[in-house]
There are 2 protein chains.
Amino acid sequence: MAHRPTSRDVAQAAGVSQATVSLVLGDKWRGRVSERTAGLVRDTARELGYRPNLAARHLRLGRTRTALLVVPALTNEFFARVYTGAAGMAAEHGFGVVLYPSPEGVGPARDPFASARAALDGVIASSMAAQTLGAIRGTDLPLVMLDSDPDDPVPAARVNVDIADGMRQVAAHLLGLGHRRFVHLASAVPSWTFEVRARALREALRQVPGTSLRTVSAPLNADAAREAAERALTSPETSGGGPDATALVCDDDILAAGACKAVRRLGRRVPDDVSVTGFDDLALATAVEPELTTVRLPAERVGEQGMAALLAVLDGRSFEAPDLPVSLIPRASTARAPR
Amino acid sequence: MAHRPTSRDVAQAAGVSQATVSLVLGDKWRGRVSERTAGLVRDTARELGYRPNLAARHLRLGRTRTALLVVPALTNEFFARVYTGAAGMAAEHGFGVVLYPSPEGVGPARDPFASARAALDGVIASSMAAQTLGAIRGTDLPLVMLDSDPDDPVPAARVNVDIADGMRQVAAHLLGLGHRRFVHLASAVPSWTFEVRARALREALRQVPGTSLRTVSAPLNADAAREAAERALTSPETSGGGPDATALVCDDDILAAGACKAVRRLGRRVPDDVSVTGFDDLALATAVEPELTTVRLPAERVGEQGMAALLAVLDGRSFEAPDLPVSLIPRASTARAPR
DNA sequence: TCGTCATCGTGTTACGTATAACCTACTGGC
DNA sequence: GCCAGTAGGTTATACGTAACACGATGACGA
């Protein structure tokens with residue numbers, strides 16, 4: 001038997017029919033097959049190293065117990081943690097999760113379903129993976145969106161993090177330290193999750209008289225962030241909050257790392273002259289110096305809830321859950337405003 | 001037709017047999033089907049939005065044109081780039097690549113093949129994914145190893161980066177700057193790729209009289225690295241190369257970031273008092289300050305070559321390639337030795 | 001007129017699994 | 001003695017695709 005053993009091989013070796021093997025190994029034998037035979041089948045299967053042929057099973061069942069997780073970029077540690085959470089929850093229900101990293105920028109839109117190399121029961125997608133979202137909507141697969149606009153009615157379910165609250169906590173933290181002149185270093189990636197940050201910050205500052213806010217944006221890499229921050233901290237903007245800003249609020253830890261470099265390059269210090277905040281609490285946040293004050297997002301929980309939502313939808317149930325809570329982690333990159 | 005259209009549906013709509021549809025869409029029709037009919041079939045398929053059922057195709061063919069890429073951790077940007085390279089090369093040959101992130105540390109060894117959710121033609125695995133390697137060897141799938149010990153005869157093919165040369169370049173760079181007392185901050189992850197670094201550094205320094213080398217190791221995160229580096233730079237070691245070291249050679253950029261923090265925490269400066277080098281040239285290397293002198297590895301090339309090797313093996317050909325070259329990127333974290 | 005050959009297809013099968021439908025003792029009850 | 005019921009299986013089938021092994025038709029040379 002040079003070939004991989006099939007259920008028929010197991011059946012022959014055990015002296016039963018293929019159907020019996022299928023019943024026993026599928027755990028549907030209670031009351032239909034004797035304890036003795038079931039044991040024999042299991043032993044034989046183990047002995048032969050039988051592994052069911054997934055393609056055949058999928059063909060037969062139509063369902064695959066497989067979900068696709070669409071992430072904007074593989075590099076982003078946040079989504080690595082989302083995957084971990086989703087895979088864990090999936091495993092508890094006999095599901096698998098395969099990853100599709102959406103090509104960054106405007107790459108050649110590969111086919112996410114062809115590259116998944118498996119039939120899919122559903123999709124969990126980050127709203128940042130805009131590249132790929134169109135292709136998904138072209139199918140009738142149930143779609144769970146992560147951090148997406150609640151007004152957008154497309155997905156079957158939605159799992160959101162309370163981003164707005166995170167930004168409010170950042171604002172409160174900085175206001176409490178006496179800061180009044182802010183720069184918002186925003187992500188240039190168009191996504192709801194970043195729009196929310198901008199809106200929440202703007203509104204939080206509007207509550208406090210005498211504050212000013214200027215916004216610049218940059219793609220999600222440290223160099224671009226540094227340049228954008230330098231620009232914001234030097235060019236004399238008319239509407240205040242520019243060169244003399246004391247707080248730099250960033251959409252993301254990577255941007256914050258770039259911002260810190262900009263500050264120092266301009267001869268000022270973090271946090272003595274300018275306070276900087278990040279978002280996400282990536283490993284990077286504690287790798288740079290000073291360590292970043294940032295907002296920790298429950299990435300694993302996002303994955304878990306996303307998978308739970310998908311399972312619910314596949315089960316015909318509906319899924320509603322409150323936004324997941326976040327928490328501000330104060331570290332060394334923020335301090336009392338100067339003067 | 002509420003269902004997804006099958007090749008039979010296309011056949012019926014086009015007024016031909018299913019076999020013809022299969023021939024045309026499989027691009028095997030030349031000389032067997034008229035140009036006119038082929039065009040008709042293709043148009044009909046497009047119109048109906050026909051997508052071949054992968055499970056059925058895989059079942060029929062036995063081969064899946066799918067490779068599994070086993071990476072040690074999803075977070076590691078290096079492997080994200082390896083994936084990109086591998087996926088690109090695969091796409092050129094009608095192959096797909098699915099990812100399996102080996103559980104970090106000693107997690108519950110999930111089954112990489114079950115979680116791949118598809119039958120596989122072969123596996124490309126990093127030698128760092130020790131967790132998962134055992135399970136792979138249990139199968140008879142062709143295995144391509146990345147950065148593995150050339151004396152280990154297991155895999156069908158091997159793709160290595162000239163790590164040793166990278167470390168020699170680091171040593172030459174630092175020796176050229178006048179450094180003589182070294183600390184090697186090594187990765188605690190057991191893997192050939194790290195052993196090579198240690199050996200190459202040791203041998204490069206042995207060439208130069210009057211040098212000293214001390215080695216400490218840490219897991220791949222910034223905090224652990226900082227602690228290990230602090231230990232090495234304070235505790236009075238008998239054999240020299242300890243507290244008064246002027247060069248800190250790190251196995252990895254993440255370790256280097258931690259090392260920089262250790263140096264500053266001890267009241268010394270990078271690079272004025274202590275030079276620090278990394279490895280890999282991750283985004284982190286330019287996100288921290290000072291930017292890290294490091295060794296750039298051709299990650300995408302590793303993926304491409306890995307896939308090329310697998311394709312060759314599947315094709316019955318053998319694959320031999322020289323180690324991929326690396327290059328030292330001098331940045332701000334290294335400078336002339338003090339005094 | 002007939003055989004040969006190329007052109008353009010089609011019928012059929014198998015891949016390995018899950019499951020509905022059926023079959024065959026055997027046991028008990030009356 | 002016979003029927004009902006149940007335990008313990010088996011047989012047969014379909015899922016959607018690829019590809020092998022056959023036609024059928026017509027043109028053409030001898």
Side-chain angles (χ1 to χ4, degrees), chain A residues 1-42 44-45 48-66 94 113-114 117-121, chain B residues 1-41 44-45 48-66 94 113-114 117-119 121:
Chain A
M1 197 184 309
H3 217 57
R4 226 176 74 172
T6 70
S7 60
R8 220 178 300 273
D9 295 326
V10 175
Q12 192 167 355
V16 300
S17 76
Q18 181 266 332
T20 305
V21 173
S22 182
L23 285 175
V24 171
L25 268 43
D27 224 34
K28 302 219 151 96
W29 56 280
R30 244 152 287 267
R32 314 179 47 68
V33 176
S34 71
E35 196 81 46
R36 230 172 64 80
T37 310
L40 173 62
V41 167
R42 270 192 300 257
T44 315
L48 264 60
Y50 168 70
R51 309 174 60 79
N53 180 319
L54 290 176
R57 173 178 292 174
H58 295 171
L59 177 57
R60 176 69 232 259
L61 292 178
R63 296 155 303 126
T64 59
R65 303 184 83 74
T66 301
F113 302 102
R117 294 277 139 177
L120 302 170
D121 283 353
Chain B
M1 198 184 309
H3 216 57
R4 227 176 73 172
T6 71
S7 62
R8 218 180 300 272
D9 296 326
V10 175
Q12 190 167 355
V16 299
S17 76
Q18 181 267 332
T20 304
V21 173
S22 181
L23 283 177
V24 172
L25 269 42
D27 223 34
K28 301 220 150 93
W29 56 279
R30 243 152 287 265
R32 314 178 50 69
V33 177
S34 71
E35 197 80 48
R36 231 173 62 80
T37 311
L40 174 62
V41 167
T44 315
L48 264 58
Y50 169 71
R51 309 174 61 76
N53 180 319
L54 291 176
R57 174 179 291 174
H58 293 172
L59 177 58
R60 177 66 234 258
L61 293 178
R63 296 155 303 126
T64 58
R65 304 184 85 75
T66 301
F113 301 102
R117 295 277 138 175
D121 283 354

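Proteins get letters first, then strands, A, B, ... in listed order; numbering begins at 1 in each.
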Review point. Taking the nucleotide of DNA chain D with the closest heavy atom to each, which residue, Leu23(B) or Ala56(B), is nearer the 5' end?
Key: Ala56(B)
Point to revise | Residue met sooner reading DNA chain D from 5', once Pro52(B) and Ala38(A) are mapped to nucleotides | key: Ala38(A)
Grab the [atom1]-[atom2] distance between [X] and [N] for me, whole Å please.
X        : N       : atom1 : atom2 : value
Arg8(A)  : dG16(C) : CZ    : P     : 8 Å
Lys28(B) : dT10(C) : NZ    : P     : 18 Å
Arg63(A) : dC15(D) : CZ    : C1'   : 13 Å
Leu61(A) : dG16(C) : CG    : P     : 16 Å
Leu40(A) : dG9(D)  : CG    : P     : 10 Å
Arg65(A) : dT17(C) : CZ    : P     : 18 Å
Asp9(B)  : dC15(D) : CG    : C1'   : 13 Å
Gln18(A) : dT19(C) : CD    : C1'   : 10 Å

Practice item. Please say whether more than 12 non-hydrogen atoms of neighbouring residues, nucleotides or ligands are located less than 6.0 Å from CZ in Arg36(A). Key: no
Practice item. Taking atom CD of Gln12(B) as the centre, report whether more than 12 heavy atoms of other residues, nucleotides or ligands fall under 6.0 Å from it. Key: no
Quick one: is [N] close enough that its OP1 or OP2 comes under 4.0 Å of any side-chain N or O from [X]?
X        : N       : result
Thr20(B) : dT10(C) : yes
Thr37(B) : dG9(C)  : yes
Ser7(A)  : dT17(C) : yes
Ser17(A) : dT10(D) : yes

Check your understanding: Any sub-3.5 Å donor-acceptor pair from Ser22(B)'s side-chain atoms to Thr20(B)'s backbone N or O?
Key -> no
Check your understanding: Is Thr44(A) reaching over with its side chain to a backbone N or O of Arg42(A), donor-acceptor style, under 3.5 angstrom?
Key -> no
Given [options], identify the nucleotide with an atom nearest to the side chain of [X].
X        : options                   : value
Val33(A) : dG9(C), dG9(D), dT19(C)   : dG9(D)
Ser34(B) : dG16(C), dC8(C), dT17(D)  : dC8(C)
Asn53(B) : dG16(D), dG16(C), dT10(C) : dG16(D)

Review point. Is there a donor and acceptor pair closer than 3.5 Å between the side chain of Arg32(A) and the base of dG8(D)?
Key: no
Review point. Please walk me through it: do Leu25(B) and Tyr50(B) pass side chain to side chain contact (heavy atoms under 4.5 Å, CB included)?
Key: CA-CA 10 Å; Leu25(B) 269 42; Tyr50(B) 169 71; 3.4 Å; yes
